[in-house]
Structure formats: structure tokens, C-alpha cells
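Below: one structure, written as C-alpha cells.
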Protein chains: 2
Amino acid sequence: MEAASKQERTRLSADDWELGALELIAEQGVSALAVEALARRLGVTKGSFYWHFRTREALLKAALARWERDDDRALVADVDPIPDPRERLRELFRRVAREVQPHRIYAALLKALDHPQVLPLMARVSQRRMDFLALAYRQTGMDRTTALNRARLAYAAYVGFLQLNLTLGLPKLSHEEFDAYVAHVIDTLIPA
Amino acid sequence: MEAASKQERTRLSADDWELGALELIAEQGVSALAVEALARRLGVTKGSFYWHFRTREALLKAALARWERDDDRALVADVDPIPDPRERLRELFRRVAREVQPHRIYAALLKALDHPQVLPLMARVSQRRMDFLALAYRQTGMDRTTALNRARLAYAAYVGFLQLNLTLGLPKLSHEEFDAYVAHVIDTLIPA
DNA sequence: GCAAGTCAATACGCGAAAGTATGGATGCTA
DNA sequence: TAGCATCCATACTTTCGCGTATTGACTTGC
């Protein structure tokens, strides 16, 4: 029967700790990832933690690696098969605007770029995503440099959007206003 | 003669601590603002600090208030007198791209939105700046909602640009490439 | 059913940083 | 130059979080 909530009360594995770490990062940021705090969340003490991981940094490393491997790729994969580049971009924009939740970890990591573990990770991920954008723009007929610049602009707008919306809570828009905003972004950043 | 460098070796005032705090924030972020670390930078011990301020939070509050009052306003003030709205926007974009240094504090604060002192401050500042943009766009002939949306987009692009460029160091562009990028942004976000 | 392996609890050491207590040094003013 | 206010140093105390050491308990293979 295995009670549905988090109180499984079974023993934990390294995976459980990694997933819990990612949740905590999404909610409160990288700096809030403390061993004893996470242990409390998982219903154990840190005696358990140090059996699975050597240090806190090791957990962070594992959690970040998991994120880069799993969660991150799902994003682009969904829209990648769309043949028409304009429609692919439009759908990507719409998805990002609609499903903000999966982007919370990304936003949290964005605020932890000081950390030596996070910086190279984000450099890789951001580069990949910008390459994805640049390719799509190129396929719409833009020349090479224009496509690159537009990709940079679009990605910067994405990053800023995350900060302003998720973290800062600005601008506070109604559902209709928000849809209109997304439509405006698509009109402005995707060539007709 | 008063040796030119920072080793003034005179006694300090609350202002000195506030300015030092802002420097430290710009360089290493809000979380790096520690009492003893800052005291070392200023060549004194924390015995001095606790004479001028009751707590660390009090210093942060004062430093942030000073920033909101002084540094922040200088930005927009420079371009505000430009009568033609398009030229005003173009000049603003160019300035932001050229003089990244004054934006380092803003970028640092952007990464500290968790902090209860920082959040409302940034909400105010960001709102003011977006209003400034919206007004300029409105004056170019856009209707009200379009101008608002474009202002939001432009501001998000600015915020993302700061993160990607200042903090992440991406993309690494040559001087020419960078100029071309700025030109592209201006072409894309400012109506002809 | 008993050893080895796996997971967890408790108690402790340690360093970083905030804040306190107190006394000393320096400068301004009468 | 006496005296007061201002500024700073030193030595604490407290808190928090990482990491270690030790022991206990449950599970699994043989």
C-alpha cells in the first residue's frame, strides 16, 4: 500500500537525497541546501546522509549532474521534432511561458553563478540552448550572424523573464494580459 | 598630503561603511557582505562597525537605501532629456551595453532576491525602469498595451543580458561582434 | 539463524560569523 | 589642558553548519 505522501518511512537511497536536494534548490536556492535541513525534510538525521555522500559538495555535484542529464533535456526535446522552425520557436516560447514550474531550478541556479560547481554547468546548458535557438533562426532564413544575435537576444529575454516573473513576481499580470504579452514576444522575436 | 589610495587612515563615518558595503556587494554579492571582512577592507576591526551600526542588517538597509537614492537614478537621468523617444531608447541601450560597471550592483542584487530587504527594493526599481521604457515606447506611437509589453520585453532582455554577460561570461564576443549584437538588439526592439 | 552489509541515530569537534562587553585612543571644545 | 564625545581594539559568547566517530538496528545471503 505504501502511503502516498512523502512519509514512506522506508530507507533512503542516494537517489532520494539527490531528488530532495533538487526540490530544495528549486524552492529556496542553492545556498539553502544544508545537510541537516535536507535530512529533516526527509525524516532522518545526517547520520544517514554521510553514509550516502562524502560531503555536501558531493551531493550538490550529483544533484546538478542529474538535473543536467534529465530535467534539462526534456525541455528542448519536446519541441525539437517540429519541422517548421518558426512554429518550433513559437511552441517553445509558449511552453516556457505556460509551464514555469520546471524552470524554477534553472532560475535558482542562475542566482548561484558564484558557486564554482554551478558556473560551468550553466555555461554548458545556456550554450546548448542558445545553439538550439540559433539553429532554428538560421532555418527561418536568417544569415548566420543575425541568427546568432537573435538567439542571444531571445535567450537573454528568457533569462530575464525568469528572474522578473518567478523570483521578483513582476510584472503581476492577469491571465489575459499575460497571454497578450507572450503573443507580443512571439511577434517581436520571431520573423513573420 | 593625505595619501591618495584608500589608506586614508583617518577615522571612519557611517558613510564610509555604506560605500564600502556597496563596493563589496558589487564585487562579491550580498552574501559576501560580512562585518569582519568589510572591516578588514577598511583597515579597522569590527569594534568600529558596531559603533556606527546596530547590526549587519542595518548596514545593508542603509547601503541599499543609498544605492536606490543615488546610483540608481543617475542611469535614467542621463538620457531622460533626449526629446526624441527613439533616440532616447537607442542611447539608453548603447549606454547599458558600454558601461557595464555601474550595473554590477544591480546584477548582484538580482541574485539576492531571496533576501527580504532586497526584494521590495528591486521591485520598486524595476517597476520605475519599466515605466520609463513604457513611456518612451508610448511616445513612439505605440498603443498603451503594446508599449507596456515591449517595455517588459526590453527590460527582461536587459536583466538577462546582465546575468549572461556579467556573471556567466556568456557569450564571449569580440568587440566587433558585441557592437553588432547591440545594433541587432536596437533594430529588433526599437521601432524604425 | 548468524554473520556481513546497509542504513540511521547520537554525540562530539571545529571553524566562521554575528553580536556583546569593556577599556583604550584620539580629537574637539571650553 | 581638562573633559567629554567619538572612534576603535580585544576578548569574549552564541549560533549555525560541516564533518567525524561510534554505536545501534534492520536486511539479506549463506
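FYI, side chains are in, hydrogens and waters are out, and symmetry mates aren't considered; it's all heavy atoms of this structure.
Judged purely by distance below 3.5 Å, without hydrogens or angles, the side chains of B:Y106 and B:S126 pair a donor atom with an acceptor atom.
Proximity of the aromatic rings of B:Y158 and B:Y155 is defined here by a centroid distance below 6.0 angstrom, and this criterion is met. When ring centroids are compared, A:W17 and A:F49 come within the 6.0 Å threshold.
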Which pairs, protein N/O on one side and nucleotides 24-28 of chain C N/O on the other, fall under 3.5 Å?
| from | atom 1 | to | atom 2 | distance (Å) |
| --- | --- | --- | --- | --- |
| C:dT26 | O2 | B:R11 | NH2 | 3.4 |

With 3.5 Å as the limit, what N/O pairs link the protein to nucleotides 13-18 of chain D?
| from | atom 1 | to | atom 2 | distance (Å) |
| --- | --- | --- | --- | --- |
| D:dC18 | OP1 | A:V35 | N | 3.4 |
| D:dC18 | OP2 | A:V35 | N | 3.0 |
| D:dC18 | N4 | A:K46 | NZ | 3.2 |

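One atom, CG of B:L38, and another, P of C:dA16, lie 18 Å apart when rounded to the nearest Å. Between the CZ atom of A:F49 and the P atom of D:dG19 there is a distance of 7 Å, rounded to whole Å. Atom CH2 in A:W51 sits about 5 Å away from atom P in C:dT6, given to the nearest Å. Rounded to whole Å, the distance from CD on B:E57 to P on C:dA17 is 15 Å. Distance A:L60 CG to D:dG19 P: 11 Å, rounded to the nearest Å. Rounding to whole angstrom units, CG of residue B:D16 and C1' of D:dC7 are separated by 12 Å.
Using a cut-off of 4.0 Å between Lys/Arg side-chain N and Asp/Glu carboxylate O, A:E36 and A:R40 are scored as not salt-bridged. For A:R138 and A:D143, the salt-bridge test fails: no basic side-chain N is under 4.0 Å from an acidic carboxylate O. With respect to A:E27 and A:R104, no salt bridge is recorded, no charged nitrogen being found less than 4.0 Å from a carboxylate O.
Between B:R54 and A:G47, the residue anchored closer to the 5' end of DNA chain C is A:G47, taking for each the nucleotide with the nearest heavy atom.
Dashed line: the shortest gap from a side-chain N or O of B:H52 to OP1 or OP2 of D:dT6 is not under 4.0 Å.
Heavy atoms only, all atoms of each residue included: B:R88 and B:D80 are closest at NE-O, 3.9 Å.
Within the structure, the salt bridge (Lys or Arg N to Asp or Glu O under 4.0 Å) test picks out no pair touching residues 163-189 of chain A (sequence neighbours left out).
When atom types are taken as modelled, the side chain of B:R56 and the backbone of B:L33 share a donor-acceptor pair closer than 3.5 angstrom.
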